[in-house]
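Taking it in order: structure first as structure tokens, then the write-up.
For ligands, and for the atoms within them, numbers begin at 1 and follow the listed sequence.
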Amino acid sequence: MRPHPLVLVHGGAGPWPDVKPERREAIRVALFEACRAGVAAIEGGALDAAVAAVVSLEASGQFNAGAASALTREGTLEMDAAVMRGDDLGCGAVAAVSAVRHPVLLARAVLERTEHVIMAGAGAERLAVEAGLTTEPFPIDERRRAKLERLLSERSAEAGEAPVARERTGDTVGAVAFDADGRTAAAVSTGGIWLKRVGRIGDSPVPGAGLLADDVAGGAVVATGRGEVILKLGVSRTVLEHVAAGEGAHSASRRAVETATERLGDGTVGVITVDRHGRIGTAFNTGGMPRAVLRLGEEEPAWALLAGDHFPIA
Ligand code: ASP
């Protein structure tokens with residue numbers, strides 16, 4: 001018997017220090033809504049499910065994507081997103097886009113309406129219009145402006161290029177899904193990192209780095225954390241190489257994160273994985289990574305936030 005279709009989501013590998021009970025609850029609600037949105041769409045296939053989950057996370061305002069995307073050091077919005085289908089390697093991504101409400105839908109438009117994989121700039125924004133997407137981004141609220149001001153003033157107290165301070169990374173969103181036909185898909189969306197230079201592109205839109213879905217290699221992965229680390233190590237591809245070599249989703253995820261820790265340090269990376277047998281894996285070397293999974297037919301998602309929190313892996 002085939003395993004149950006499922007959706008596994010994350011809300012970003014990062015330090016997640018001092019999460020107050022109200023914030024914890026808001027995160028839980030956002031993750032649950034995303035899992036439910038994903039499972040509600042799973043009849044259409046794994047890609048529909050992963051995209052629906054990420055659309056919900058983008059709208060939640062809880063994470064660094066869509067409504068709460070990180071800002072560049074100039075106070076502008078430059079979002080990256082991607083989608084990928086494991087059965088045929090169909091992949092679409094957008095980099096540094098601002099004139100779109102749901103970057104993940106624009107990534108899907110790249111997959112479905114063009115012969116390309118990654119688009120940026122004016123052409124990507126024209127595609128949003130062509131695809132009939134909402135081109136007005138979520139408004140930049142006072143909270144985000146205030147955070148930018150604070151980070152900028154902390155940075156001016158430092159010399160030169162700001163180090164990747166704890167608060168600058170994390171909270172990107174992603175989802176992997178496994179459908180009734182045993183196909184997988186991945187979707188990711190992010191504002192990148194706070195105080196990034198205008199024009200910086202992270203790992204999220206790059207297949208093999210920020211995501212990978214390849215049912216021949218063995219499943220789907222989404223990565224989160226410091227984009228520069230994930231790009232250099234090709235973290236999602238590393239996970240699937242371990243799966244292809246016979247490891248389960250969880251140990252493959254752990255191995256890839258261990259390698260990142262050894263090579264480029266702690267506090268850098270997280271991944272979520274579903275393999276072609278519908279087994280899931282999560283791993284991260286940061287203080288936390290909000291994560292939740294829901295299988296078709298189950299009432300409640302299982303979820304966890306910090307490194308020490310129990311999360312059922314099956
Ligand atoms: N990986 C994302 C980036 O570097 C950030 C994150 O995962 O929070 O753009």
Side-chain angles (χ1 to χ4, degrees), residues 9-17 19 27 30-31 54 57-58 60-73 76-84 93-98 103-104 107 118 120 144 147 151 161-176 186-212 221-239 253 256-257 260 264-273 282-291 305:
V9 301
H10 79 76
W16 291 99
V19 183
I27 290 167
L31 295 175
V54 169
L57 293 165
E58 284 177 336
S60 72
Q62 293 302 321
F63 308 106
N64 169 14
S69 281
L71 302 176
T72 68
R73 61 182 67 176
T76 55
L77 205 52
E78 293 193 348
M79 300 171 286
D80 299 336
V83 302
M84 189 161 181
V94 288
V97 291
S98 48
V104 75
I118 307 180
R144 277 195 284 173
K147 179 165 179 175
L151 291 173
E161 198 81 358
V164 185
R166 288 161 72 85
E167 274 186 279
R168 288 180 56 207
T169 53
D171 312 9
T172 282
V173 306
V176 292
V188 56
S189 181
T190 185
I193 58 173
W194 281 89
L195 297 193
K196 66 184 181 181
R197 284 172 182 263
V198 167
R200 178 265 191 188
I201 293 167
D203 59 297
S204 302
V206 181
L211 84 169
L212 193 62
V221 186
V222 172
T224 166
R226 286 194 206 162
E228 287 68 16
V229 167
I230 298 165
L231 281 163
K232 288 174 193 169
L233 293 171
V235 168
S236 293
R237 185 167 300 281
T238 306
V239 174
S253 303
V257 170
L264 293 169
D266 214 8
T268 49
V269 170
V271 294
I272 57 171
T273 305
T282 62
F284 50 97
N285 61 11
T286 56
M289 183 176 77
R291 51 215 186 273
L305 200 168

Worksheet item: Should Gly225 be listed as contacting ligand 1, given a heavy-atom distance under 4.0 Å as the test?
Response: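 It does; at least one heavy atom falls under 4.0 Å.
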Could you tell me if the side chain of [Y] sits less than 4.5 Å from the side chain of [X], heavy atoms only?
X: Asn285; Y: Thr268; value: yes
X: Leu233; Y: Leu264; value: yes
X: Met289; Y: Thr224; value: yes

Item to complete: Indicate yes or no: does an N/O atom of Asp80 lie under 3.5 Å from an N/O atom of ligand 1?
Response: no
Worksheet item: Considering distance alone, does some N or O of Ile193 sit under 3.5 Å from an N or O of ligand 1?
Response: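 No - when backbone and side-chain N and O of Ile193 are compared with those of ligand 1, no distance drops under 3.5 Å.
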Fill in: Option whose closest heavy atom lies nearest to atom 1 (N) of ligand 1, chosen from Asp203, Thr172, Val188
Asp203
In ligand 1, which numbered atoms sit nearer than 4.0 Å to a non-hydrogen atom of [X]?
X: Thr224; result: 6 (C), 7 (O), 8 (O)
X: Asp171; result: 8 (O)
X: Gly192; result: 5 (C), 9 (O)
X: Arg200; result: 3 (C), 4 (O), 9 (O)

Item to complete: Could you give me the CA-CA distance, side-chain angles and deciding distance for Val198 and Glu78, then say whether side chain to side chain contact (heavy atoms under 4.5 Å, CB included) is met?
Response: CA-CA 8 Å; Val198 167; Glu78 293 193 348; 3.2 Å; yes
Worksheet entry | Salt-bridge present (Lys196, Glu228; N to O < 4.0 Å) |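 Salt bridge absent between Lys196 and Glu228.
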Item to complete: Provide the closest heavy-atom pair for Arg144 versus Ala68 in the form atom of the first, atom of the second, distance.
Response: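 Minimum heavy-atom contact is NH1-C, 3.7 Å.
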